[in-house]
Amino acid sequence: MPDLRYERVRKVFHTRNVEVVALNDVSFVIFEGELFCLLGPSGCGKTTLLRCTAGLERLDGGRIYYGDTDFTAIPPFRRGIGMVFQNYALYPHMTVYDNVAYPLRIRKLPRGEIDRRVREIMELVGLPGVLRRNPSELSGGQQQRVALARALVYRPRLLLLDEPLANLDAKLKVYMRTEIRRIQKQAKVTTLYVTHDQQEAMAIADRLGVMEGGVVRQIGTPSEIYDDPANEFVAGFIGEMNFFPARIISWEGDKLVVAVGAAQKRKALRAGIKAFGDEVTVALRPEHLRIFPSTSGEGVFKGKVRVVQFLGKFVRYQVAISGDAGLVEVDMPAAVPGLQEGDEAVLDFDPRDMLVFYAGERVA
Amino acid sequence: MGGITPSARRLLHKDYTVYLVLGLGVLFVVVFLAYPLLRTVLIAFVPNGRELSFSNMSLVNFEKFLTSNLYRRSLINSFYISFAVVGLTMLIGVPMGYLVARVEIPGKHVLLSLSVVPLIMPAFLGAFAWIILLGRNGALRYVFERVGIDLPPIYGPFGVILAMTLMYYPFVFLLSEGAFETANPTLEESAAVMGARLPRILRTISLPLIIPSIAAGGILIFIRAISNFGVPAIVGGSTYVLPTLIYFQVNGFWNLHAAAAISLVSVLITGGALWLQRYIVSRREYETISASRSKLHIHRHPVAKALAIVFCWGVVLVSLFPQFTLIVMSFFKTWNGLWPRGFTLSHYLAIPKFLSGPIKNTLILATSSSLGAAMIGTLIAYVVQRRRPPGSAVLDYAVMLPFILPGIVVAVALLSSFSSGYLILRGTYWIMIISFVIRRTPYVFRSVSAGLTQLDPALEEASILSGATWFQTFRKVTLPLIFPTLASGTILTFATLLTELSTSILLYSAKTRTLSIAIYDSVNDGDYGLASALAVVLFFTVFAVTYAINRYTGKSMAASFRIG
Ligand SMILES: Nc1ncnc2c1ncn2[C@@H]1O[C@H](COP(=O)(O)OP(=O)(O)OP(=O)(O)O)[C@@H](O)[C@H]1O
Ligand SMILES: [Mg+2]
């Protein structure tokens, strides 16, 4: 059941005669109990969408529905939303206890009830022992948990998080993201989580939306987004991807024959694609390319190995191929015997792994 | 809510307190600032004794500036005295700033602290002290006569310029001291490397670099000097300036129409000066602040040191003469010639008589007005800064307007609006409180606005989202966090209101007489001993309050008086 529904949401900022379209007809839904991630490069409008959801910004068009109610008609303090800010926004003049109790006191709950709920939520976020301290006496990770507790303590119907891990160090980030997911699932609260870190988003989200320039470019589960990107932007933004220029040779029914490198490859067209031109782009993940020494046969591309990196579970080869300025990245499960830095090599791949884009959009 | 449209529901759900607060703020500004000012502008064009109507409008009141000798001389005096004060404060303050910043002077911190004392002293008290010292039988005049120097009479331009110069020079001094101290040493060093000698470096590098900020400070002094009422009222004698001319028109003839016209001219001058100041500040573009201060060249030559010590300490000590004089005078019956005569405590023993009247009034008025200014200034600053409702820019300007209004002009505006008609406030506490609030709100407004820009809006947003209305948010989150700024601003306002004279002089009645007025009257009655004793009490109260506030905020006295 959809919990939160965005319908052609539009937001334009005017600054000194310059118009910035921060959100351009954004439409999608978030389901009940889901942890939904918004992912995109800096300035793409993630924070703006979050603030519009909270009611901190006024929409310039479209509507946001919560269930059947039109959210846009409700002022922010009545929306029943919990939000965690990037810098946590803990009240420096209150203790941790008072910070967390604040929303309950606003709601005029009885003292005993407040006390019970504060302790309960601090238990949930795994920080029961710091109630009497001031926020400034806590570590970054602890402040993060307090902010989460304060946002959850009044059992909001919706939790918004704006880059909640941005201020933590790398190790704590990885730990806290599993913690946040655990807490979110335990509290069963529908959550919109904003980040520009794609690893974080892939790790934590039930589903995610990839944004670019005020537009949502694709929505799906992490594996859908990774394996089946809808356009060149998402393909390039999520994970690592090699792009090659290619040309269409012929059509064989619903199959396409493209000339890429020295080879021709076939792949089924996506449903509904009608007509397009000759020049296309072929994209391949590093793990979908295979590399051999040039002595062992012909491949799609020829090149010279520039760098070999042992990265634990796999070995990464960076290869300069002729006619292309950038380095192609190839991941192999183990080192290829007889292939050193400086050696000539050939690359090949399975056409089923190949993604074909025309004018930025996926066609095969 | 079946039949209710979303927009209707939006209206029902909305939090209206913000509009209520804004409404009250706007109402106050409109009734007690906009309306009186508008009325003042209008009656300035209507001859005295005529009804305020369009057909009665003429330029009669302004023609006086061409026809009347008194008017013309007042206008000329205002300019001539103010320019002289600006020039002299520059001549004293800039070299002193350079010397203190760049020459090794013993007791530099003491010197800096002492230099702000004249700023804490109410203007008219300084002028009064100079009368004691340089009046016909003044001790200092006696000394000068002995060495053969004949000083001009204290009553007149000489006294006004002297008192104002010694009172305002710290502004220029602190400003240029700061500028010379933070100037980028590499600029001067590169000139020295290229072979320039000190005077040339000063003339071509050091001074031009700080000229914009000094000029801005000079204009502020000009505004203060030309708006000042207390000094010319005490030592002006027959030399009238615009503020005293306004006073003369109201107090002497109850001619509010003439007073309004003079006020308008005066405001145009200060407004123009302020505009010029803004313009200069906005043009101040070069980088003078340096990262590494240590390299700054400090002069240690004995001759330079001796010169600096004599000049700087000399100026500071002379500027403290008034305080010293008032203390001495308060303990003696007379002070004619070199030594005061007739030690007595009777002046201090007379003070209890003032407790139930002027002292009580002063405390009541200063307390209630500073609280009122704090409340209105804070709420409007909050609404304007954070909510930006339509029309907030206009409100912003309106609240700041009294900055360029000389105190006596505010008094004229209020008198012209509330002496007759529906709301008669003349002679009440209310009119004095309103005038103080109007005049001091800009200070609170400005400091709270500054405080709010330091405060992360996310704190307030977090509160709103967790269900608090904006008023709850304001009370529980915003207010506690800006409280230190607000409190120190309010108490400083309180301190300045203790010595207020230029507005109250036109608004007070027998019932609402303040301590400043009582001192002013005693001076005019020639009761110097009593006036001094009251002045000492007043000055030390103000000093203690200011000192306490600076301790509380951790600022040095000198820092809180830097301008520009
Ligand atoms: N208050 C504002 N006034 C004017 N422009 C704004 C305002 N807030 C955001 N913008 C503009 O809207 C666009 C989207 O901004 P937004 O803050 O939503 O980006 P973001 O995706 O959250 O980026 P980041 O990852 O850097 O936080 C940007 O171009 C930004 O400059
Ligand atoms: Mg953001």
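Chain letters run A, B, ... following the sequence lines, proteins first and then strands; every chain starts at 1. Because the structure is predicted, anything quoted here is derived from the model rather than measured.
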query: Have A:Tyr154 and B:Ser466 got a donor and an acceptor in their side chains that come within less than 3.5 Å?
result: no
query: Do any of residues 450-461 of chain B come closer than 4.5 Å to chain A, heavy atom to heavy atom, and if so which ones, in number order?
result: B:Asp456, B:Ala458, B:Leu459, B:Glu461
field: Partner chain B: residue of A:Met94, A:Arg51, A:Arg105 with the largest heavy-atom pair count (under 4.5 Å)
entry: A:Arg51
- line: Here the pair of heavy atoms bringing A:Tyr102 nearest to B:Ser463 is OH-OG, 2.7 Å
message: Counting heavy-atom pairs under 4.5 Å with chain B, which one of A:Pro92, A:Gly55, A:Gly82, A:Gly80 comes out on top?
response: A:Pro92
- request: For the residue pair B:Leu465 and A:Arg79, establish whether any side-chain heavy-atom pair is separated by less than 4.5 Å.
  value: no
message: With rounding to the nearest 0.5 angstrom, report the CD1 to CG distance, B:Ile464 to A:Leu56.
response: 8.0 Å
query: Taking the side chain as C-beta and beyond, is there a heavy-atom pair between A:Tyr91 and B:Leu481 under 4.5 Å?
result: no
- request: Flag yes if more than 12 heavy atoms outside A:Arg116 fall under 6.0 Å of its CZ atom; otherwise flag no.
  value: yes
query: Should the heavy atoms of other residues, nucleotides or ligands under 6.0 Å from CZ of B:Phe483 be counted, would the total exceed 12?
result: no
- request: Measure distances from A:Leu160 to the heavy atoms of chain B and classify the residue's part below 4.5 Å as side chain, backbone, both or neither.
  value: neither
task: Could you tell me whether a side-chain N or O of A:His93 sits under 3.5 Å from a main-chain N or O of B:Thr478, the two making a donor and an acceptor?
output: no
message: Atom CZ of residue position B:Arg446 - does it have more than 12 heavy atoms of other residues, nucleotides or ligands inside 6.0 Å?
response: no
